[in-house]
Amino acid sequence: MTLSVPNMKSCADCPIRYNAVCSKCEPDEIERLEQIKYYRSFAAGQTVFFAGDPLEFVGSIVSGVASLTRTMPDGRVQMVGLLLPADFMGRPNRETIDTDIVAETDLMLCCFRRKPFEKLIEQTPHVGQRLLEMTLDELDAAREWMLVLGRKTAREKIASLLYMIATRMVKLKPGASETISFILPITRETMANYLGLTIETVSRQMTALKKDGIIAFDDRRDIKVPDLAALKAETGEDVFS
């Protein structure tokens with residue numbers, strides 16, 4: 001199962017308009033962004049960047065999920081992050097990318113050529129301000145994730161990841177009902193790699209959370225959260241709030 005790729009003609013049609021790097025832009029600033037943007041799509045499993053590639057463009061995740069991984073000298077691979085809708089990919093003022101970025105689902109990007117985007121940041125304070133906010137939020141999330149990986153039980157790890165995804169879905173769909181529904185955008189194998197668990201442990205803990213009424217699912221990827229506060233309580237920490 002993959003996520004659908006929306007058909008958009010302008011920023012007004014964008015599902016991440018009020019959460020992405022452009023969220024604070026005035027109409028004239030949006031017009032300038034419109035002039036330098038373009039869309040790119042990647043199929044699930046396709047590599048967007050290999051570590052060390054020239055960073056020719058940066059951009060926002062419009063739909064889908066991408067993973068960030070690093071390969072150690074002995075060939076071991078470690079997933080170091082996930083990019084969800086509205087997340088920003090790439091770093092302005094850097095010549096190369098330092099991680100592999102792979103589409104975990106069908107992926108749509110709103111791209112900007114790096115050099116023009118760097119100039120636009122200098123001339124458009126709202127873009128630079130929002131990018132700084134997003135970078136600091138990413139740093140906070142990375143610190144919280146160190147706790148998830150280092151100190152939490154398997155159940156708490158699974159609950160933390162589901163809570164993170166569920167809260168992100170809420171931000172993208174204001175006015176959502178109390179019961180949150182979303183398509184889990186990554187496989188259980190990817191969840192296991194990201195959390196440092198086995199696939200069997202992920203499946204077992206997902207089933208346990210379902211049995212306890214914390215989540216519900218018939219299809220393995222179609223997740224319902226009847227009570228977000230109850231899921232939050234299972235994380236063991238006040239994370240990703």
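This is a predicted model, so every value here is computed, not measured.
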* **side-chain contact (heavy atoms from CB on, under 4.5 Å) evaluation trace for Ile101 with Thr47** => CA-CA 6 Å; Ile101 300 181; Thr47 299; over 6 Å; no
Report the residues that fulfil salt bridge (Lys or Arg N to Asp or Glu O under 4.0 Å) with [X], sequence neighbours left out, ordered by chain and then residue number.
| X | answer |
| --- | --- |
| Arg114 | Glu95, Glu118 |
| Glu31 | none |
| Arg32 | none |

Output every pair passing salt bridge (charged side-chain N to carboxylate O under 4.0 Å, His left out) with a member in [range], not counting sequence neighbours, ordered by first then second residue.
| range | value |
| --- | --- |
| residues 58-87 | Arg70-Asp98, Asp74-Arg76, Asp87-Arg168 |
| residues 51-68 | none |
| residues 154-165 | Arg155-Asp212, Arg155-Glu234 |

Per-pair distances, 0.1 Å, donor-acceptor, side chain in residues 189-196, under 3.5 Å, sequence neighbours excluded:
| from | atom 1 | to | atom 2 | distance (Å) |
| --- | --- | --- | --- | --- |
| Thr190 | OG1 | Glu104 | OE1 | 3.1 |
| Thr190 | OG1 | Thr187 | OG1 | 3.1 |
| Asn193 | ND2 | Glu189 | O | 3.4 |

Residue pair [X] / [Y], side-chain heavy-atom distance below 4.5 Å:
| X | Y | result |
| --- | --- | --- |
| Leu109 | Val62 | no |
| Ile214 | Lys211 | no |
| Gln78 | Thr69 | no |
| Tyr39 | Cys110 | yes |

* Asked: If only atom types and distance count, is the side chain of Gln123 paired as donor or acceptor with the main-chain N or O of Leu120 below 3.5 Å?
  ->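 Between the backbone of Leu120 and the side chain of Gln123 there is no qualifying donor-acceptor contact (under 3.5 Å).
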* Is there a donor-acceptor pair under 3.5 Å between the side chain of Thr105 and the backbone N or O of Val65? ->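 Yes; at least one donor-acceptor contact below 3.5 Å.
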* For Phe117, which residues count as a ring pair (Phe, Tyr, Trp, His ring centres under 6.0 Å) partner, sequence neighbours excluded? ->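 Expected list: Phe88, Phe112.
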* **Contacts of type ring pair (Phe, Tyr, Trp, His ring centres under 6.0 Å), residue Phe57, not counting sequence neighbours** =>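 Here the qualifying residues are Phe49.
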* **Glu138: side chain to side chain contact (heavy atoms under 4.5 Å, CB included) partners, not counting sequence neighbours** =>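 Per chain and number, Glu138 pairs via side chain to side chain contact (heavy atoms under 4.5 Å, CB included) with Arg91.
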* To do: Just jot down the side chain to side chain contact (heavy atoms under 4.5 Å, CB included) partners of Ala51, sequence neighbours excluded, or say none.
  =>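 Once residues adjacent in sequence are excluded, the partners of Ala51 under the side chain to side chain contact (heavy atoms under 4.5 Å, CB included) criterion are Asp100.
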* Asked: Under 6.0 Å from the OH atom of Tyr38, do we count more than 12 heavy atoms belonging to anything else shown?
  ->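 Yes.
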* Report, as yes or no, whether the 6.0 Å neighbourhood of atom CG on Asp28 holds more than 12 heavy atoms from other residues, nucleotides or ligands. =>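 Yes, because the 6.0 Å sphere around CG of Asp28 holds more than 12 heavy atoms from other groups.
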* Short N-O contact, Glu122 and Lys119, less than 4.0 angstrom ->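 Answer for the salt bridge query: no.
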* Asked: If two hydrophobic side chains count as joined below 4.5 Å and joins carry through other members, does Val102 share a cluster with Leu84?
  ->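 Result: no, two separate clusters.
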* Asked: Please, which pairs that meet ring pair (Phe, Tyr, Trp, His ring centres under 6.0 Å) have at least one residue in residues 205-229, sequence neighbours excluded?
  ->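 Listed by first then second residue: nothing to list.
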